[in-house]
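These figures come from a predicted structure and were not determined experimentally.
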Amino acid sequence: MSEVLNKIESIKLTAKDFTSDQDVRWCPGCGDYAILAVVQRTLPEFGIPRENFVFVSGIGCSSRFPYYMNTYGMHTIHGRATAFASGVKGANPDLSVWIITGDGDALSIGGNHFIHIIRRNFDVNIILFNNEIYGLTKGQYSPTSEVGKVTKSSPYGSIDTPFKPTSVALGAEAGFVAIGIDRDTKHLQEMIRRAHKHKGTSFLEVYQNCVIFNDGTFSALTEKDTKQDSVLYLEHGKPLVYGKENDKGIIMDGLTPKIVNLADGTYSINDLAVHDEHAKDPTWAHILSRMNRSSDYPQPLGVFRDVERPTYEKGLVNQIELAKGKRGKGNLESLFNEGDVWENN
Amino acid sequence: MSEVLNKIESIKLTAKDFTSDQDVRWCPGCGDYAILAVVQRTLPEFGIPRENFVFVSGIGCSSRFPYYMNTYGMHTIHGRATAFASGVKGANPDLSVWIITGDGDALSIGGNHFIHIIRRNFDVNIILFNNEIYGLTKGQYSPTSEVGKVTKSSPYGSIDTPFKPTSVALGAEAGFVAIGIDRDTKHLQEMIRRAHKHKGTSFLEVYQNCVIFNDGTFSALTEKDTKQDSVLYLEHGKPLVYGKENDKGIIMDGLTPKIVNLADGTYSINDLAVHDEHAKDPTWAHILSRMNRSSDYPQPLGVFRDVERPTYEKGLVNQIELAKGKRGKGNLESLFNEGDVWENN
Amino acid sequence: MEKEVQVLEDVTIRFAGDSGDGMQLTGTQFTNVSAMMGNDLATLPDFPAEIRAPIGTLYGVSGFQVHIGSGKIHTPGDHSDVLVAMNPAALKVNLRELDTNGIIIANEDQFTEKNLKYAGYEVSPLEDNSLVKYRVFKIRITHLTGLALEDLKLPNKTVDRCKNFFALGLIFWLFSRDSEPTIAWIKDKFKKTPELVEANIRALKAGFNYGVITEAFQSKYEISSAQLPKGKYRNITGNTAMAIGLVTAVQKAGLELFLGSYPITPASDILHDLSKLKNFGIKTFQAEDEIAAIASAIGASFAGDLGMTTTSGPGVSLKGEAIGYAVMTELPLVIVNIQRGGPSTGLPTKTEQSDLNQAIYGRHGEAPLPVIAPATPSDCFIMAFEACRLAIKYMTPVIILSDGYLANGSEPWKIPSPSDFPEIKVEFLTEKNGKLPYSRNEFNARPWIKPGTPNLEHRIGGIEKANVSGNISYDPENHHNMVYLRKAKIENIANDIVPAELFGNETGDVLVVGWGSTYGAIRKAVELQQSAGKKVSHLHIRHLYPMAKNVESLLKGFKKVLVPEMNTGQLASLLRSDFLVPTIQLNKVYGQPFKASEITKKIDEVLRG
Amino acid sequence: MEKEVQVLEDVTIRFAGDSGDGMQLTGTQFTNVSAMMGNDLATLPDFPAEIRAPIGTLYGVSGFQVHIGSGKIHTPGDHSDVLVAMNPAALKVNLRELDTNGIIIANEDQFTEKNLKYAGYEVSPLEDNSLVKYRVFKIRITHLTGLALEDLKLPNKTVDRCKNFFALGLIFWLFSRDSEPTIAWIKDKFKKTPELVEANIRALKAGFNYGVITEAFQSKYEISSAQLPKGKYRNITGNTAMAIGLVTAVQKAGLELFLGSYPITPASDILHDLSKLKNFGIKTFQAEDEIAAIASAIGASFAGDLGMTTTSGPGVSLKGEAIGYAVMTELPLVIVNIQRGGPSTGLPTKTEQSDLNQAIYGRHGEAPLPVIAPATPSDCFIMAFEACRLAIKYMTPVIILSDGYLANGSEPWKIPSPSDFPEIKVEFLTEKNGKLPYSRNEFNARPWIKPGTPNLEHRIGGIEKANVSGNISYDPENHHNMVYLRKAKIENIANDIVPAELFGNETGDVLVVGWGSTYGAIRKAVELQQSAGKKVSHLHIRHLYPMAKNVESLLKGFKKVLVPEMNTGQLASLLRSDFLVPTIQLNKVYGQPFKASEITKKIDEVLRG
Ligand SMILES: Cc1ncc(C[n+]2csc(CCOP(=O)(O)OP(=O)(O)O)c2C)c(N)n1
Ligand SMILES: Cc1ncc(C[n+]2csc(CCOP(=O)(O)OP(=O)(O)O)c2C)c(N)n1
Ligand code: SF4
Ligand code: SF4
Ligand SMILES: [Mg+2]
Ligand SMILES: [Mg+2]
């Protein structure tokens, strides 16, 4: 044990160690840069040897991410990163596996693998770059684009109700759900730490600005004059307060969250709902997942839910050990000779 | 209008009219028979000409269903019924479209199309025959099989956390979610009426016994001695009462449902949670979706949620009308001559 | 009463009944016992797509044909000599395959009015004169089974389920089989319910004794054991052989096996078999669909396991994109396609060879990979091993084309010793040594580098890559070169495979060229022709892409090339395109294997010109 | 100052700059103006896979080549005569395609130290003597644009974005183009921001005037208008032609169009175009993936619309299973594949012809369907119409193989009149009249029956069906017959298509056989050979499966058959297999179209023997 600890101690990596020699090819000003920088800056904290990281992505602007990480990486096919990653982690549970995906990649073509990896609970980390648009194919609406959005493929406005990615994840039995945003890198860094820490599938949605095809979609959450009234930072055990002067809060009216004013004396901070990441039932997280920009509510940012259950790869390994214990380590000789065998003389 | 009404009045169909000339090829004793009979019995009530029904299915035992209905039908490919049906309804919104699918078909290979049709809200009815097993391929575990289930492909027990289909649907923005069971055909009939009535994607999960590969999975919900203590019938506006002597109920403790005893006098019926199908937020339905056989809770049966929003095909038709109004009905001559045109003399 | 004993060279028996009548089990027991008694054999299970169709219907009939003999047996028999018909539908469906003078053993109890109607008989064929060509034995099997079990006081349903053992016992007597192995099997199978052990054994013995005691049968038969080479044997189906072959290869390579699979008929049994073998460290992952299945397998290969995926045609149609990805990233991967009747859902429980074109061409872009096909059930073992060898050595996905007939059919397998097989060399790159992710060895293979290896961090992907470095490259010339490099890598495998084996002379009038499961029927037909003095040879192609180097010259040694296939001519078209040789085709897309006689007839025709 | 005017027969200009420099737009404007001035032309847009790669990098260079002339123009030009290089990287990447003595117009302002470094230049090529072979004009385009817009007080970024119009203006002057259409376009495009209208027009005029005023250019050029047949013309890309062709066909059939599609390069523009045409009653459905896209289209066809799906290779790899379903259910369906560089993700923005095998063979089972391919951008219109015609008449899915080069390339299109096209006959079955769902008409097509039609309720599916009734059938013989019936239905289309057109004599030394977008380069090369008196002809195959009936005899009329393809020989292999003719291949998998000169050279080689 102490040897392992020593080894970990002795690894002193920096962001630079995680930077590959490939030129970064996103548009100037793309939100992806910030997320990349935060990830490169945060991984060294984990004390994991660089060679034990694997970044797996699908296809999209965001999915170019692995090329820029000086770790092992797979840039796979559209929508299937979660499925490839299941094999990577299943084959070698010791690896730290990170899935990088986009709103189109994860939720349009990849929606099925997305919900299945979550229910199976492989211990991997999913970072979904949500820019609410298809970037790489030059600007079609995505499953997170708002109704009415005019894009190349919806010249009369989209008629698709968007998914709320956190609701989808929770509906698929997610144990860890969080939201961060490209422009608040300090908070994002904390989200990445938390995703890493969670054993099981961690789902981190990151709002990301696409300067070319969807510029400013998240500006209410990032611009100085609107930000504080639009964002609700979640902290475990803390009441839900927000607003420029910390003058607003959320109370629960039965099952419905209500915005209240703390300034006019009707409600005090003690009346507010208190955030509980670890609530056994996903109901609380579900309620948070319904509060978003498209509603009147502020947008919660932070960890919605962090509850562990057994991981898939543990189950897989356990069954193998069990089978070896029960039936003895597999032996070809006896495998060949199973069943009714006879001798011809 | 009255002409249409007359036409509808004059249609007096019976279950027999909906019975095709094909031999039914399920195993004797299969729960599918009961569901088929209920559907055949219920459709005549809707006053829709038989030729306007289309049944679309994927692949599985359950997906043989359309062959037995004397309506239009498509037995498609595995997992894709929802996608085929989107095209059927999109092409002709006047049709009454019914999707028949299994737990493997809808939630394993077909999970993505399932969540997407729900968020888009085509006005179709999905009946998912959930037998918690792959029937047609002779008994592998499905995404709804419980952890530890021993099947042909899980000889050491399944290590996959199952989906709760209703949770998945709600996470995908479902407006109508209900559960019925093969053995309670009267209730099932009501569910089918309700699914039909709902404009938008109706999701009806039906617990169905597979006598060959998963016999008795739902017996707690169907056998006389256990049924009343295991099933909670939902009725809009009514308190959640159940039990042999109507002696049990559900109260809400914050966001958590709790089982209480009505017999010992501590709680009365007035303390109980009251079912609200039409709650705007999906939270209440979500809470119900978490209560199921695998928990200590009784299994709710009935309509969890019934809230309408605009349908996809309406949106599609509207845009076409809008475009025609704005740009005039499409004309090839002017389409050919769009853009920079010059004359060569 | 002593009865006459006739010695037969071979016999074909078909067991037929409702899906619920246990005919597959009965057939398998007869097969195993015959195998253990030293007969060579081949089997043909034939079951409906329905799990358990309504009782008595024509489409609910489940059959199992087994051909046993004292000589080499190549096929499950063109026709049957004996038909066990548990009900009228079973008789109706299978009668046309019964030889004149063949034996019918019919369960008279099931020839009720209702069942006759289901089967479309107006009058019972047992009562009119329609069966005069055959030797008919009507036996009240249900009733007699009931009598035998009377004092056990079992529910009717249970008693009814034992009747297949009565039939089996009778057949055991008729063909002088040893009942002991089946009795042992019953004891083990039902060990948790002793009353079933007792019931089934009683039924078996009752059937056997019925043969001994009654006057019905004039003679019984013996089939002496075959002249199989000395050694230990077991009876094996293609799917089991496949599973064992895959396990053997990974063990010989010192790798772990990761199977990503999604159930589908007729491939699921490989998934089932491998799931049981967890004690070999095998990881089976039942994915949400075929795409996730192969994607997870490729991910596993990237991580250092040998990734595999098993499926049938519809599954392969979904895997095309991911297969192309494996070609591009040059990772080892084994793809097993147990072909069935197509297109689309087709005939899921029937056999066919119509996915050859798909295996070779079924992806966008230039995406070549090796395609191989076993010829017999036990050859599935060999070809599974071969697929793993090629995948690892050449860092490439490999497709194995088996089919429903091989998968469920069986033959005696001379059990090899694990030490008969060579190690498969795997060299993970562990130190840079000047190598890069797309450096090439003498076989044009790139190095396999396991995540977790320090200083060899690298990224792979589906975008075209620069040779050697493996970095993304949009360079036109590089793309052209890489397309041809990948092609050359695969084509070069022609230098590393066994020459295609010719049966017969190297020149002659007709060369019959086959692939896959038509092997037995072709071989038998060609043997017959040869013994009739005809200049006919048989070439069976097990490596379909690339083909062995000797194929071209062998083809050119014959006046005519006849290609029998269970498709509309896919290998034939390949041969024409590759070698510009005219081909004569014999195609059968019946969902059923060829009969040797069909091929013999066609050869006659070709010989006549 | 009056300058000398030289009259040119043709000229090829390449605009190149950063992805953000607006080169596609500049090129398109030049193209449209030239088209309106009566030149024939062909274009080749060439852009990176990145949306907007970092400024100044080699891989961020976006190019647009246009070849205009007074004669018939078949290709976008083997080399360019003029290169507009907006930065050092653009110069570096494109220089090798510039002819000796070609003109370079370089934006000197961008030849900064940083940009030179990005492009890998140690010294500025404008300053050393490396460009002596060319006529170099260094112009401070950024600076001059800035001056022209100075008093508008626009942000720097905006000013910078206008510099492409300066370059365009200069080129307009140099080649005596009319600025008016572009000015009109600017006014319309930026109508919501008048300051941009003003800025861009000013930049355009400043560039034009720069040519007029400065001493830099000794002469300007004119290209007289081409001898195109009389009529109205517009410039059209393949993707737009495809979209219009599909709309035309459904209108002529009196059907509604349902497009199920998922965005993918280079096919997305068809989805975009059709989405705009909602006033034609077109339903576009952006599905969650390619499988849902095609499935919805098939569902729509079942419901009585004409279902379509547009995609590229990776998408087709996912659609295989559903295509097989459409084959089995015999529903009309149009599948458009805009091919790109493969395998896997490959080279998404580059062109290739490597999905032919997949189109013909890429499904499990025997699943034949017609495959056709347009030869030029405007031919996409014709073949889109043809695909719809075949799909409806034969109740079958049809694959159209276009490619990135056709899709984005353009040529003048002589605008037809809608009345030039025949109606497409659609007969929905509305009364039984003894017909069943799988009854056959004289073309072996089954009836199309719309849900909503009383008394014709029926069920279709992917399981094999009995002929005529369409009920599920597991009958072996029926399966065989249906496999051959489906095949015969498609092969019979050979009797219903235009004969393959031969350019040149019917016999000779070399027949150059092509398909798809290689048309222009082959035609030009063959024209050259013919005018040099060589016995060379050109056969272009637009119906690939089944092929026109005259193909075989045409092939056999030549000593040698040369097949140039942008793949490793897929058509060649088809020809060998179908006709047993030896083929000589010329293959180029560079992600770029052939140059006529490459083909000419190869023909020379073949002629020499
Ligand atoms: C099978 C397949 N279908 C479609 C595409 C085209 N495609 C590439 S990326 C993409 C969507 C990207 O959107 P998103 O995942 O949101 O990523 P972003 O570019 O916005 O980061 C699509 C449709 C593809 N590469 N492969
Ligand atoms: C592409 C494809 N993959 C796999 C299969 C095999 N398959 C047929 S049905 C089925 C699962 C059926 O389970 P479910 O949907 O639960 O239906 P049930 O039979 O239980 O009613 C599978 C895996 C197939 N037909 N097609
Ligand atoms: S297109 Fe949008 S998401 Fe893609 S790199 Fe550019 S800014 Fe980023
Ligand atoms: S296998 Fe199960 S689900 Fe299928 S028909 Fe039989 S009982 Fe029903
Ligand atoms: Mg996106
Ligand atoms: Mg099921």
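Proximity to chain D is limited to the side chain of C:Gln592, based on heavy atoms less than 4.5 angstrom apart. In this structure, no portion of C:Arg340 lies under 4.5 Å from any heavy atom of chain D. Residue C:Pro48: no heavy atom, backbone or side chain, is found under 4.5 Å from chain D. For chain C, the nearby part of D:Val483 is the side chain; its heavy atoms alone come within less than 4.5 Å. Residue C:Gln339 does not touch chain D at all, counting heavy-atom pairs closer than 4.5 Å. C:Val93 does not touch chain D: none of its heavy atoms, backbone or side chain, sits under 4.5 Å away. D:Glu477 touches chain C through backbone and side chain together, each having a heavy atom under 4.5 Å away. Looking at C:Lys319, neither its backbone nor its side chain comes within 4.5 Å of chain D, counting heavy atoms on both sides. Using a 4.5 Å cut-off between heavy atoms, C:Ser473 contacts chain D through its backbone alone, with no side-chain atom that close. Proximity to chain C is limited to the side chain of D:Lys487, based on heavy atoms less than 4.5 angstrom apart. Residue D:Asn587 touches chain C through both its backbone and its side chain, counting heavy-atom pairs closer than 4.5 Å.
The shortest side-chain heavy-atom distance between C:Ile291 and D:Ile291 falls under the 4.5 Å cut-off.
Between the side chain of D:His364 and the backbone N or O of C:Ser344, at least one donor-acceptor pair lies under 3.5 Å. Using modelled atom types, one side-chain atom of D:Glu366 and one backbone atom of C:Thr568 make a donor-acceptor pair closer than 3.5 Å.
Per-residue heavy-atom pair counts under 4.5 Å with chain C were compared for D:His480, D:His479, D:Gln358, D:Arg576, and the maximum is reached by D:His480. Residue with the most contacts toward chain C among D:Pro582, D:Gly313, D:Pro343, D:Gly320: D:Pro343 (heavy-atom pairs, distance under 4.5 Å). Residue with the most contacts toward chain C among D:Glu352, D:Lys350, D:Gln570, D:Met328: D:Met328 (heavy-atom pairs, distance under 4.5 Å). Chosen from D:Pro348, D:Gly362, D:Ser577, the residue pairing most often with chain C at heavy-atom distances under 4.5 Å is D:Ser577. The most heavy-atom pairs under 4.5 Å with chain C, out of D:Ala326, D:Gly324, D:Gly462, come from D:Gly462. Heavy-atom pairs under 4.5 Å with chain C were tallied for D:Ser312, D:Ala322, D:Gly346; the largest tally goes to D:Gly346.
To the nearest 0.5 Å, the span separating CG on D:Asp475 from CG on C:Leu58 amounts to 11.0 Å. How far OG of C:Ser573 is from CG of D:Asp578: 7.5 Å, rounded to the nearest 0.5 Å. Interatomic distance, CZ of D:Arg363 versus OG of C:Ser354, reported as 12.0 Å (0.5 Å rounding). Summarising the geometry, atom OH belonging to D:Tyr590 is positioned 10.5 Å from atom CG belonging to C:Asn478; distances are rounded to the nearest 0.5 Å. From C:Leu318, atom CG reaches atom CG of D:Leu318 across 8.0 Å, with rounding to the nearest 0.5 Å. Taking OG1 of D:Thr349 as the start and OH of C:Tyr474 as the end, the distance is 7.0 Å to the nearest 0.5 Å.
The two residues D:Glu321 and C:Pro314 make their nearest non-hydrogen contact at OE2-CB, 3.9 Å. The shortest heavy-atom contact between C:Asn567 and D:Tyr484 is O-OH, 4.1 Å.
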